[in-house]
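The structure appears right after this line, and notes come after that.
Sequential numbering from 1 along the given sequence is applied to the chain's residues. Computed over heavy atoms, backbone and side chain alike; hydrogens, waters and symmetry mates excluded. Just so you know, ligand 1 is whichever comes first in the structure, and atom 1 is the first atom listed for that ligand.
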Amino acid sequence: MIDLRNLTIKKAHDHLTKGDFTVSDLIDAYLSVINEKNKDINAYIEIYNDIDDQVKIAEQMFANGTATLMTGIPIALKDNMLFEGHIASASSHMLENYKATYDSSIVKQLKNQGVVFLGRTNMDEFAMGSSTETSAYGNTKNPIDTSRVPGGSSGGSVAALAMDGALVALGSDTGGSIRQPAAFCGLVGLKPTYGAVSRYGIISMGSSLDQVGSFGKNTEDTEILFNAINDYDDKDSTSVKKEERILPKPLKKKIGVPRSFLTGDGVESDIIKNFEENCKRLEKAGYEIVDISLPLIKYSLAVYYIISPAEVSSNLARYDGIRYGLHVEADKLFDVYTKSRGKGFGREVRRRILLGTYILSHGYYDAYYNKAIKVRNAIKQEFEKAFLEVDAIITPTSPFMPFKFGEKLEDPVGMYLSDLFSVPANIAGIPAMSLPSGKNDIGLPFSLHIMAPLFREDILFTIGKDFEKQV
Ligand code: GLN
């Protein structure tokens, strides 16, 4: 029996290299867990039918000495990532039969390293949501407490990992969709710098915010998977060339706390208590914790809920019932559009499209969109200035603990508050990571959120590893 709970990438690689078990044994172990648990958890909406072929390729790489750290590692893929020949639906009826005709760049990179893709995971429809409840394919349960949501939008990916149905997982993060579910399921989740990982072949949500990132049970695995996909890609116009990325500077070992931002409405007191303990843990690990003032970041959520629906309404205009996805027949062309879109999209997606269309409409564009862009630039500058003084900035990841199904579904603004601490990093494009930081009385996980300057993921990993030793 392979101890999947305590398995890491390095340990798996060691065993595979020594021949303690084969790639096929490893994958079978994960598939049997999936077989047992997925019916209840609903982390995966499809297990791929070509796993055997992928396993053969990985085993060949071990046999001929070309294996890397990622070879044979089983991974869960979010349902918005294109994998040639397989359905990628963004968990929407709109794309339920859409088969990818090419590989996304991240899938291609990982294929070259002999990774084994186990299946595609459930998500909030088109990545809009914080609970995975907006999926067209039913709820995903939080493996820690199945009466609660796993977070979202990458809820299936984290649940797959938390139930030992994959060793690592991939997600996308537009406003917190990697970090918040990682927090809800007691895992590590990284949103890299905007421009670090290619988005070619990822189904778009908000193009100035979307970023692909990694999940692991610890910082090391999260870092290894990030390193495997962290590359320039000329197919993605927002990808930044390696030589243009900012060079590492030595650490000051100083971390900033935006004190006044933490005490806003709706932040649970237990979470603040845990956060104070986390500050002490970091002090114990040799960091100086200082209060800093970031007066503008409190506007990040408002800015996000202007910019992201605007970009959503534009990106999702391509699903017109003709070019892509679901088609509903009607006598008039206009009715084909409205009927296809009305049937293909769920409530939350329609709400965002309406909001975005309104924001971008004549007369409101200036009042909302242009203003939000100005505030966004001011927030970016505020971060830049703060990072002259500190290596990193910390907050909790989520203002509240994992909630029960249905609790926030009829309260969109309450749901949007999930993103309070996570969106500033998307607004500024900076990297950020969520780490588990203990549990409450009923076993639900707390978490710490760390933000670093552009392209300084290394700072997140250093602090993450130091922090893990103290928890
Ligand atoms: N919860 C946020 C939203 O609904 C974030 C989504 C995401 O990061 N994809 O917009």
Side-chain angles (χ1 to χ4, degrees), residues 78-81 88 90-92 121-135 140 149-158 169-185 189-194 197 199 202-215 266 300-316 345-356 359 372 397-400 402-403 407-409 411-434 449 451:
K78 189 173 177 177
D79 189 26
N80 60 354
M81 301 172 167
S91 294
S92 175
T121 59
N122 201 18
M123 56 184 277
D124 280 297
E125 187 179 8
F126 281 99
M128 296 170 215
S130 300
S131 64
T132 315
E133 292 170 289
T134 72
S135 165
T140 294
V149 304
S153 63
S154 314
S157 285
V158 273
L170 283 170
S172 62
D173 188 314
T174 305
S177 279
I178 290 177
R179 293 158 288 153
Q180 183 256 14
F184 275 21
C185 291
L190 166 77
K191 180 203 89 76
T193 306
Y194 184 77
V197 176
R199 302 173 312 161
I202 309 302
I203 299 173
S204 306
M205 177 184 162
S207 301
S208 77
L209 303 152
D210 296 343
Q211 186 55 210
V212 172
S214 51
F215 291 109
S300 299
L301 196 63
V303 167
Y304 175 81
Y305 277 100
I306 299 286
I307 292 176
S308 74
E311 293 182 358
V312 159
S313 77
S314 156
N315 271 328
L316 272 59
F345 292 136
R347 262 174 84 205
E348 182 60 27
V349 171
R350 294 202 301 270
R351 178 175 12 245
R352 304 263 183 133
I353 292 173
L354 286 172
L355 268 171
I359 287 161
T397 307
S398 164
F400 33 72
F403 46 89
E407 213 176 282
K408 294 189 192 291
L409 212 50
D411 170 20
V413 176
M415 188 74 93
Y416 297 169
L417 269 176
S418 306
D419 309 318
L420 181 71
F421 295 126
S422 51
V423 286
N426 302 80
I427 295 298
I430 57 177
M433 186 166 83
S434 178
H449 184 238
M451 296 177 274

(message) Would the distance check show the side chain of Ser131 and the main-chain N or O of Leu409 forming a donor-acceptor pair, the cut-off being under 3.5 Å?
(response) no
(message) Has Arg199 got a side-chain atom pairing as donor or acceptor with Asp210's backbone, closer than 3.5 angstrom?
(response) yes
In terms of atom number and element, which parts of ligand 1 are under 4.0 angstrom from non-hydrogen atoms of [X]?
| X | value |
| --- | --- |
| Asp419 | 1 (N), 2 (C), 3 (C) |
| Ala127 | 6 (C), 7 (C), 9 (N) |
| Met205 | 9 (N), 10 (O) |

(message) If we only consider heavy atoms of Gly129, is any one of them less than 4.0 Å away from an atom in ligand 1?
(response) yes
(message) Looking at ligand 1, is there an atom of it that comes within less than 4.0 Å of some heavy atom belonging to Tyr305?
(response) yes
(request) For residues Glu125 and Ser92, report the shortest heavy-atom separation together with the two atoms involved. (result) OE2-OG, 2.6 Å
(message) For Tyr304 versus Pro309, what's the shortest heavy-atom pair and its separation?
(response) O-CD, 3.5 Å
(request) May I ask you to check whether Lys78 and Ser154 show a side-chain donor-acceptor distance below 3.5 Å? (result)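 Present: a donor and an acceptor within the cut-off.
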(request) Run through Ser208, Ser204, Ser207 and flag the one making a side-chain hydrogen bond (donor to acceptor under 3.5 Å, both in side chains) with Glu311. (result) Ser208
(request) Kindly confirm or rule out an N or O of Ser172 lying under 3.5 angstrom from an N or O of ligand 1. (result)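 So ligand 1 has no N or O lying under 3.5 Å from an N or O of Ser172.
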(message) Just to confirm my output: which protein heavy-atom neighbour is closest to atom 10 (O) of ligand 1, and how far is it?
(response)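 Its nearest protein heavy-atom neighbour is Tyr304 OH, 2.6 Å.
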(request) Tell me which protein heavy atom sits closest to atom 7 (C) of ligand 1, plus the residue, atom name and distance to 0.1 Å. (result)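 Going atom by atom, the protein heavy atom closest to atom 7 (C) of ligand 1 ends up being Ser177 OG, 2.4 Å.
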